[in-house]
Amino acid sequence: MKKIFLLFTLLMANIVIASPCKKADKETAQMRYELQAAVGQASEGSAMVRVWTYSKKAKIAKEQAGKNAVHGILFKGYPSLNHGNTRIVGREALISDASIWNTQAAYWQEFFKEGGPYQRYVSYIANGTPDFITKVNKEYKIGIVVIVQVEALRKRLQEDGILPKDEVKGKMPIIMVVPSSTWCSAHGYMKQGAPDYEQALLHSQELNQAITTLSVRLNQRGFEIKDLNNALRTMRNEAAEEAVTVSQFDDKINETPLDQLRRTAKADIWIEIDWYINELKGGSQQSLTWSMSAIDAYTDIVIGGVSPTTTGATYASSFQLPIMVESAIQGQFDPFCNTLIDYFHNIEQKGRAVKLNVLTWEILRDGLQTEIDDLELSDIIIEWLDKNTVNGKYGTPELNPSGTRMTIEQVRVPLVNAKGKDLSTLSWIKGLQKWLMDEYDMESNVSTKGLGQVQIILGGK
């Protein structure tokens, strides 16, 4: 009987010890907590939040704070917070599909168990001492400030197959970060109506810091980065080989300095950044208002952006800018990157949209209506496009009245060639040039404007 009584006593003790944790875990699963942006600075790739945990026992609420914070970063996110004259930017949930909580129940049970992997991604401010405790009806509402390592958490879930990895089959488009025209104009870095990137980088330490901060974050998400300074240096060092092409139209593709930079850098996406400093408390403190836009370098179409957001105040000092940039973008960075990834998948499937100009030398008197093997030249070009564009997709060909010029918009160029290697727009148009020579003994001249416009002139070099 004594053994039975002892066994019963131990069993009941285990139940008493275990049941509060199970109850608290159940409350976590039912989202019995709240997340709020916290005042302070977290390290790059992390988020500082105040987690409000509800429980009838204050001790249990404290123990659950870290678990609730990680769960909230994953499945709930938190809104922006107005704090005095400043705004602390919120964050979207890391996992947009909430059904993963149920479909991957075994994974989450293991992940959030006592002493489980979740604890590697959370740390406590003031050793987890609550900064707010209040009684709501018959239970406690306890506020504890924690830091969650968001980027490390994301990588863990990607490695475990819970989140898809940030990768695109085929060519991974290249990103270059540049200051916006608005920023350049406001700071006096304009030349002949266009941004003077070279002078801006030379004289603005803040610009270099901002570009570096954002580029590092993008690179951490797996994007390939082209450095603006290096691209400008390459453009300066390259010999200016201007192929002056004279035709009956006196027509050549004239490139602006911006077109030249785009062609030299070969960055598929430009991210234009803009910001200004807000002086607070007589200039002793400052906050940052930040915005950025992602632009397709081939078409100039805006494909995503971060609307103007203002960070919390920090002491006025130039070395604080990277921290303020991190704070300003943290809430919108994940959705922004997801937009870029979705766009990359889209162009992989549909091809890049470029503009094709087809012209003829005067030796071809009938222009594009010249017949070769019972086919007009315009039809021959169309035949090649049918076979060498993604899914045979391109805009309606527009032929001028004299038949000497044909313009086609939205020509969908593949990202890679038949061998799976990267395919530039210039290489693609040279494929047409070679095919015309091989099949019809037709000489031609090709040229490009920036990245998104190509031209071929038929009938001679």
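Hydrogens, waters and symmetry mates are skipped; everything else that's a heavy atom, side chains included, is used.
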Distance in Å, E376 CD paired with L399 CG, rounded so as to fall on 0.5 Å steps: 8.5 Å

Value rounded to 0.5 Å, distance of CG in L423 from CZ in R352: 8.0 Å

Result of checking Y33, Y118, W108 against H71 for side-chain hydrogen bond (donor to acceptor under 3.5 Å, both in side chains): Y33

side-chain hydrogen bond (donor to acceptor under 3.5 Å, both in side chains) against T396, all qualifying residues, sequence neighbours excluded: none

Heavy-atom check, side chain of L426 versus side chain of V454, under 4.5 Å: no

Stepwise salt bridge (Lys or Arg N to Asp or Glu O under 4.0 Å) test for R262 and D300: CA-CA 11 Å; R262 287 183 173 181; D300 280 331; 2.6 Å; yes

pair V411-K355: side-chain heavy atoms closer than 4.5 Å: no

R156 to Y121 six-membered ring, cation-pi geometry met (6.0 Å, 45°): no

Atom of L364, atom of L458 and distance for their closest heavy-atom approach: CD1-O, 3.7 Å

W290 side chain reached by I273 side chain, heavy atoms, under 4.5 Å: yes

Heavy-atom closest pair, residues G431 and W384: C-CZ2, 3.7 Å

Side-chain heavy-atom pair L415, D422 within 4.5 angstrom cut-off: no

Step-by-step salt bridge (Lys or Arg N to Asp or Glu O under 4.0 Å) determination, R217 to E151: CA-CA 10 Å; R217 285 298 307 274; E151 290 307 313; 3.5 Å; yes

Worked verdict on N219 versus S215 for side chain to side chain donor-acceptor pair (under 3.5 Å): CA-CA 6 Å; N219 186 253; S215 296; over 6 Å; no

Heavy atoms from other residues, nucleotides or ligands near CD of Q109 exceed 12 (cutoff 6.0 Å): no

Sole residue of T389, L385, V413, T407 in side-chain contact (heavy atoms from CB on, under 4.5 Å) with L356: L385

Proximity of F223 and F344 rings by center, below 6.0 Å: yes

L214 CG to I225 CD1 distance, which is reported to the nearest 0.5 Å: 7.5 Å

Y124 to A65 - nearest heavy-atom pair and separation: CE2-CB, 4.4 Å

Sidechain-backbone polar pair: N400 side chain, G403 backbone, donor-acceptor under 3.5 Å: yes

Check: V177 and L218 side chains under 4.5 Å, non-hydrogen atoms: yes

N/O donor-acceptor pair under 3.5 Å between D227 side chain and N229 backbone: yes

Candidates T299, N357, T448 - the one meeting side-chain hydrogen bond (donor to acceptor under 3.5 Å, both in side chains) with Q453: N357

Close side-chain approach of I271 to M176, heavy-atom, < 4.5 Å: no

Listed once per pair and sorted, the side chain to side chain donor-acceptor pair (under 3.5 Å) pairs that draw on residues 433-442, sequence neighbours left out: K434-D438

Pair R221-F333, side chain to side chain contact (heavy atoms under 4.5 Å, CB included): steps then yes or no: CA-CA 10 Å; R221 287 298 303 271; F333 189 69; 3.8 Å; yes

Short side-chain to backbone donor-acceptor contact, D97 and S99, under 3.5 Å: yes

Q149 CD to R154 CZ distance, which is reported to the nearest 0.5 Å: 13.5 Å

Under 3.5 Å: donor-acceptor pair, side chain of N208, backbone of L201: yes

Heavy-atom check, side chain of N338 versus side chain of L340, under 4.5 Å: no

Distance in Å, Y276 OH paired with D274 CG, rounded so as to fall on 0.5 Å steps: 9.0 Å

Non-hydrogen side-chain atoms of Y189 and S204 separated by less than 4.5 Å: yes

S185 side-chain N/O to T182 backbone N/O, donor-acceptor pair under 3.5 Å: no

Main-chain N/O of K266 paired to K226 side chain as donor or acceptor, under 3.5 Å: no

From CA spacing to verdict: side chain to side chain contact (heavy atoms under 4.5 Å, CB included), E383, L375: CA-CA 10 Å; E383 177 187 340; L375 286 174; 3.8 Å; yes

Side-chain (D160) to main-chain (I162) donor-acceptor, under 3.5 angstrom: no

Short side-chain to backbone donor-acceptor contact, R412 and G351, under 3.5 Å: yes

Ring-ring centroid check Y107 W101, cutoff 6.0 Å: no

Derivation of the side chain to side chain contact (heavy atoms under 4.5 Å, CB included) call for W52 and Q36: CA-CA 8 Å; W52 296 96; Q36 183 184 57; 3.5 Å; yes

A37 to P79 - nearest heavy-atom pair and separation: CB-O, 4.1 Å

Closest heavy-atom pair and its distance - P397, I382: CG-CD1, 3.5 Å

Steps toward side chain to side chain contact (heavy atoms under 4.5 Å, CB included) verdict (I457, Q455): CA-CA 7 Å; I457 308 179; Q455 176 173 283; 3.7 Å; yes

Distance, nearest 0.5 Å, that separates SG of C184 from NZ of K191: 13.0 Å

L451 versus V354, closest heavy-atom pair with distance: O-CG1, 4.3 Å

Q349/H345 under side chain to side chain donor-acceptor pair (under 3.5 Å): CA gap, chis, key distance, verdict: CA-CA 6 Å; Q349 296 171 3; H345 280 294; 5.2 Å; no

